[in-house]
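This report concerns only the one structure given below.
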Amino acid sequence: MGYAPSTRQLDICLHQPCLTQTLKYPLTLHTPAFSTNLRALYTQNARMFSMLRGFTPLKQSMPDRPAPYDKAVQVIVVFGRTGMGVSSLVNLILGREEAPYHSDIHPCTLEPTPYQTEIDGQEFEVYDFPGFRKGFSPAKLIGRLHRERGIDLVINCIRPKDGTVKGYYNAVRSAVPDRVPIVAVVTGLERHGDDMEKWWLRNGGDLLEKGLKFVDHACVTTLSPEDVSYNLDLYGRRIESTKAVRDLIIRCCN
């Protein structure tokens with residue numbers, strides 16, 4: 001899609017001293033004809049020209065309404081606190097190890113990254129978002145994705161005890177319309193008794209009291225295939241988790 005610079009952007013560009021310095025033109029060459037030619041060059045190739053000027057052109061205004069949804073491919077956003085296993089959850093949804101991840105609390109995903117998958121004949125684009133951390137919130141990026149692309153489902157990846165933060169939930173809830181459902185996927189439950197779902201029976205009410213209103217949920221383990229390859233019980237729990245999270249997506253996107 002082409003980018004049309006605004007008049008204000010062109011005027012700013014044409015009157016920046018650094019432009020003439022970079023091109024080694026004296027200011028006396030800043031004639032109407034010079035400006036007209038430069039406007040045409042800028043319009044034809046805004047992206048290349050922005051590299052010369054040292055800034056990236058952004059849309060000056062975002063539409064209040066989301067872009068039309070492409071129902072052929074539904075969009076899912078996965079977010080959470082850094083270190084909570086967002087990328088591992090994305091891999092669980094995909095059914096393959098594609099999103100990079102590691103086991104410590106340092107951020108691994110540095111920018112929103114989409115991955116394609118198919119569930120029950122429906123195509124999905126699953127976005128792995130950088131985690132919330134001190135000094136960084138992905139909420140604005142999520143809101144921008146909704147305005148430009150449309151979002152069908154938001155998944156909040158949480159862990160018992162330290163992975164639930166109301167402020168993070170509220171930031172994302174404010175970034176997308178209420179009609180976009182937010183669900184919870186609780187990870188790290190591979191050692192949680194004989195039934196992972198029991199965690200929600202004991203703790204789901206507490207989340208609601210804190211103001212975290214999820215329309216649905218799944219309780220899972222996101223251990224990698226390698227981590228469960230020598231443990232039959234954990235292997236079974238991963239299979240169960242894959243089914244649980246994919247069933248959750250189908251319930252909320254159809």
Is there a side-chain contact between [X] and [Y] in this structure, where contact means two heavy atoms from C-beta onward sitting under 4.5 Å apart?
X      : Y      : answer
Phe214 : Tyr169 : yes
Val185 : Cys157 : no
Ser224 : Ser88  : no
Asp152 : Ile76  : no
Leu189 : Pro160 : yes

For a quick check under 3.5 Å, do Glu197 and His192 share a side-chain donor-acceptor pair by atom type?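 No.
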I'd like to know if the side chain of Asp128 pairs up with that of Ser87 as donor and acceptor (distance under 3.5 Å, no hydrogens or angles considered). yes
Do side-chain atoms of [X] reach the backbone of [Y] as a donor and acceptor pair under 3.5 angstrom?
X      : Y      : value
Arg237 : Thr221 : no
Arg81  : Gly85  : no
Asp227 : Leu223 : no
Thr113 : Glu111 : yes
Arg159 : Gly83  : no

Closest heavy-atom pair and its distance - Cys219, Met196: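 Minimum heavy-atom contact is CB-O, 3.4 Å.
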Within the supplied structure, the quantity of interest is the number of heavy atoms (other residues, nucleotides, ligands) at a distance under 6.0 Å from Leu232 CG; does it exceed 12? no
From the list Val172, Asn170, Val165, side-chain contact (heavy atoms from CB on, under 4.5 Å) partner of Tyr168 resolves to Val165
Hey, are Arg149 and Glu125 close enough for a salt bridge, meaning a charged N less than 4.0 Å from a carboxylate O?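 Salt bridge present between Arg149 and Glu125.
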Using a strict threshold of under 4.0 Å (side-chain N to carboxylate O), is an ion pair present between Glu97 and Arg238?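 Yes, charged N to carboxylate O under 4.0 Å.
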